[in-house]
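First comes the structure, then the notes that go with it.
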Amino acid sequence: MNLRRILMGMCTGAFAGFGVFTIWPSSLARWNWLGGWLAAGIIITTAWLVNHYAGSMPNKGSGAWVDMALSIWLSALLGGTVVLDPVKGLVRGAYGLLHGANLGGALMTIILQLAGATLAGYLLYAARRSDV
Amino acid sequence: MWTWQHVLTTVFGGLIFPLVIGLVWGKLADEYKSFGGVLAGFFIVGTIWLLNHGIGLMYEPQMSGSLPGPWSDMALAAFWGLFVADLMEGKKIDWEPVLSGILGGVLGGLLLFAMV
């Protein structure tokens with residue numbers, strides 16, 4: 001455990017999480033669905049450069065890959081989303097657990113997302129095995 | 001209300017995101033280095049976002065009503081799919097990045113909470 005690496009990963013993970021849920025809803029509100037597509041390139045690319053290309057998230061080759069997506073998912077779950085609306089200015093898009101939002105409302109979505117992701121994990125594992 | 005149609009589309013949304021990332025992102029980064037991340041940002045995350053959240057493969061009924069939330073982003077599927085694929089391969093859980101990721105999420109959530 002290297003505390004300084006964890007601290008750095010925490011800061012850049014928070015950058016990814018905060019960036020995604022401010023830029024994405026704002027871009028969507030401003031330019032509709034094309035804004036949503038552009039938002040991915042604007043924030044995910046930059047966050048990936050910091051977290052994974054430069055390697056701020058302390059992944060080692062021997063451990064199971066932890067993606068910055070973990071920070072991103074948790075950020076919105078806890079803190080909701082913030083929209084810079086072209087008309088109304090800075091407004092709240094969604095509420096998070098920190099506001100007292102009920103986890104139960106999202107539970108079914110979470111379970112099914114995990115189910116789909118587990119299937120994908122198996123397919124990736126199988127594909128890699130047949131590669132070598 | 002959840003119907004079987006919602007179950008099908010949500011599971012498929014959760015499947016396709018980590019699958020495409022796992023198959024393509026590494027190749028893009030190998031071929032084009034940092035520019036591969038730019039391409040991946042737009043053409044993997046942007047395009048799959050359109051399907052999962054823009055069009056709405058992932059059903060999020062908690063987002064209707066006067067106090068919408070909490071939002072469960074497709075990022076969960078990205079993290080879990082890649083993590084599980086490595087665990088099946090026999091790799092061990094490394095708590096340093098796991099802790100970084102969780103603490104990053106907590107700090108990111110606090111920042112979002114503090115904004116408005």
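Note that the structure is a prediction, hence the values are computed from the model and not measured. Values below: all heavy atoms of this structure, side chains included; hydrogens, waters and symmetry mates excluded.
- Looking only at heavy-atom pairs under 4.5 Å with chain A, the residue among B:Gly46, B:Gly41, B:Ser100, B:Gly69 that has the most is B:Ser100.
- Of the two parts of B:Leu50, only the side chain, counted from C-beta on, holds a non-hydrogen atom closer than 4.5 Å to a non-hydrogen atom of chain A.
- Only the side chain of A:Trp48 comes within less than 4.5 Å of a heavy atom in chain B; its backbone stays farther off.
- Annotation for A:Ala69 and B:Ala75: closest pair CB-O, 3.2 Å, computed over non-hydrogen atoms.
- Looking at A:Thr109, both its backbone and its side chain come within 4.5 Å of chain B, counting heavy atoms on both sides.
- Residue B:Ile55 is not grouped with residue A:Leu28 when hydrophobic side chains (ILVMFWY) are merged at heavy-atom distances under 4.5 angstrom, including chains of intermediate members.
- Ranking B:Gly14, B:Gly109, B:Gly81, B:Pro97 against chain A, the residue ahead of the rest is B:Pro97, based on heavy-atom pairs under 4.5 Å.
- Highest contact tally toward chain B, considering only A:Ser62, A:Gly17, A:Ser56, A:Ala16, is held by A:Ser62 [criterion: heavy-atom pairs under 4.5 Å].
- Here CG of A:Leu114 is found 12.0 Å from OG1 of B:Thr10. Values are rounded to the nearest 0.5 Å.
- Taking the six-membered ring wherever Trp is involved, the centroid distance between the rings of A:Trp37 and B:Phe42 falls below 6.0 Å.
- The part of A:Asn102 that comes within reach of chain B is its backbone (N, CA, C, O), which places non-hydrogen atoms under 4.5 angstrom from that chain.
- Contact count versus chain B (heavy atoms, under 4.5 Å) is highest, among A:Ile110, A:Thr81, A:Leu119, A:Ile111, for A:Ile110.
- The candidate from B:Leu110, B:Thr47, B:Leu87 with the greatest count of non-hydrogen atom pairs under 4.5 Å with chain A is B:Thr47.
- Of all heavy-atom pairs between A:Gly121 and B:Ala85, the closest is O-CB, 3.4 Å.
- With a 4.5 angstrom heavy-atom cutoff, B:Phe12 does not touch chain A via any of its atoms.
- With respect to B:Val45, the side chain to side chain contact (heavy atoms under 4.5 Å, CB included) criterion is satisfied by exactly one of A:Val20, A:Thr45, A:Ile43, A:Ile44: A:Ile44.
- Within the 4.5 Å cutoff, side-chain heavy atoms of B:Phe79 are placed close to those of A:Val66.
- Note: B:Leu67 leads B:Ile93, B:Ile44, B:Leu67 in heavy-atom pairs under 4.5 Å with chain A.
- Considering only heavy atoms from C-beta on, B:Trp2 comes within 4.5 Å of A:Leu112 through its side chain.
- Contact count against chain A (heavy-atom pairs under 4.5 Å) is highest for B:Leu76 among B:Leu76, B:Val84, B:Leu103.
- Taken together through direct or relayed side-chain contacts under 4.5 Å among Ile, Leu, Val, Met, Phe, Trp and Tyr, A:Val91 and A:Trp24 form parts of separate hydrophobic clusters.
- If you measure heavy-atom distances from A:Phe21 to chain B, the contacts under 4.5 Å come from both the backbone and the side chain.
- Environment of NZ in B:Lys27: sparse, with no more than 12 heavy atoms of neighbouring residues, nucleotides or ligands closer than 6.0 Å.
- Both the backbone and the side chain of B:Met88 come within less than 4.5 Å of a heavy atom of chain A.
- The CH2 atom of B:Trp49 sits 10.0 Å away from atom CG of A:Leu38, with the distance rounded to the nearest 0.5 Å.
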Practice problem: Please report the C-alpha distance between A:Tyr95 and B:Trp71 in whole Å, then the side-chain angles of each, then the deciding distance to 0.1 Å, and finally whether the side chain to side chain contact (heavy atoms under 4.5 Å, CB included) criterion is met. | Solution: CA-CA 8 Å; A:Tyr95 295 86; B:Trp71 177 251; over 6 Å; no
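- Both the backbone and the side chain of A:Met1 come within contact range of chain B, with heavy atoms under 4.5 Å apart.
- Looking at B:Ser72 and A:Gln113, their side chains do bring a donor and an acceptor atom within 3.5 Å of each other.
- With B:Lys33 contributing its side chain and A:Tyr53 its backbone, the two residues share no donor-acceptor pair below 3.5 Å.
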Practice problem: Using the side chain to side chain contact (heavy atoms under 4.5 Å, CB included) rule, take B:Met115 and A:Phe18 through it: C-alpha gap first, then chi angles, then the decisive distance, then the call. | Solution: CA-CA 10 Å; B:Met115 272 307 284; A:Phe18 180 78; 3.4 Å; yes
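- A pairwise comparison of heavy atoms in B:Pro70 and A:Gly96 identifies CB-CA, 4.4 Å as the closest pair.
- Here the shortest heavy-atom pairing between A:Leu70 and B:Val98 reads CD2-O, 4.0 Å.
- Of the listed residues B:Leu39, B:Leu107, B:Ile16, B:Leu23, the one with more heavy-atom pairs under 4.5 angstrom with chain A than any other is B:Leu107.
- In terms of heavy-atom pairs under 4.5 angstrom with chain B, the leader among A:Gly93, A:Gly41, A:Gly63 is A:Gly41.
- Contact record, A:Leu78 with B:Val106: CD1-CA, 3.7 Å, taken as the closest heavy-atom pair.
- A continuous path of ILVMFWY side-chain contacts below 4.5 Å connects B:Val38 to B:Tyr32, so both sit in one hydrophobic cluster.
- Summarising the geometry of A:Arg92 relative to B:Leu112, their closest heavy-atom pair is NH2-O, 2.6 Å, with the distance given to 0.1 Å.
- Top candidate by heavy-atom pairs under 4.5 Å with chain B, chosen from A:Gly13, A:Gly9, A:Gly36, A:Gly104, is A:Gly36.
- Chain B forms more heavy-atom pairs under 4.5 Å with one residue of A:Ala94, A:Ala39, A:Ala54 than with any other, namely A:Ala94.
- For the pair A:Arg5 and B:Glu96, the salt-bridge criterion is not met [side-chain N within less than 4.0 Å of a carboxylate O].
- Residue contact with chain B, scored on non-hydrogen atoms closer than 4.5 Å, involves the backbone and the side chain of A:Ile6 alike.
- Counting heavy atoms from C-beta on, the side chains of A:Leu124 and B:Asp86 never come closer than 4.5 Å.
- In terms of modelled atom types and a separation under 3.5 Å, the side chain of A:Ser71 and the main chain of B:Gly101 share a donor-acceptor contact.
- The greatest number of non-hydrogen atom pairs below 4.5 Å with chain B, out of A:Met68, A:Met57, A:His99, is found for A:His99.
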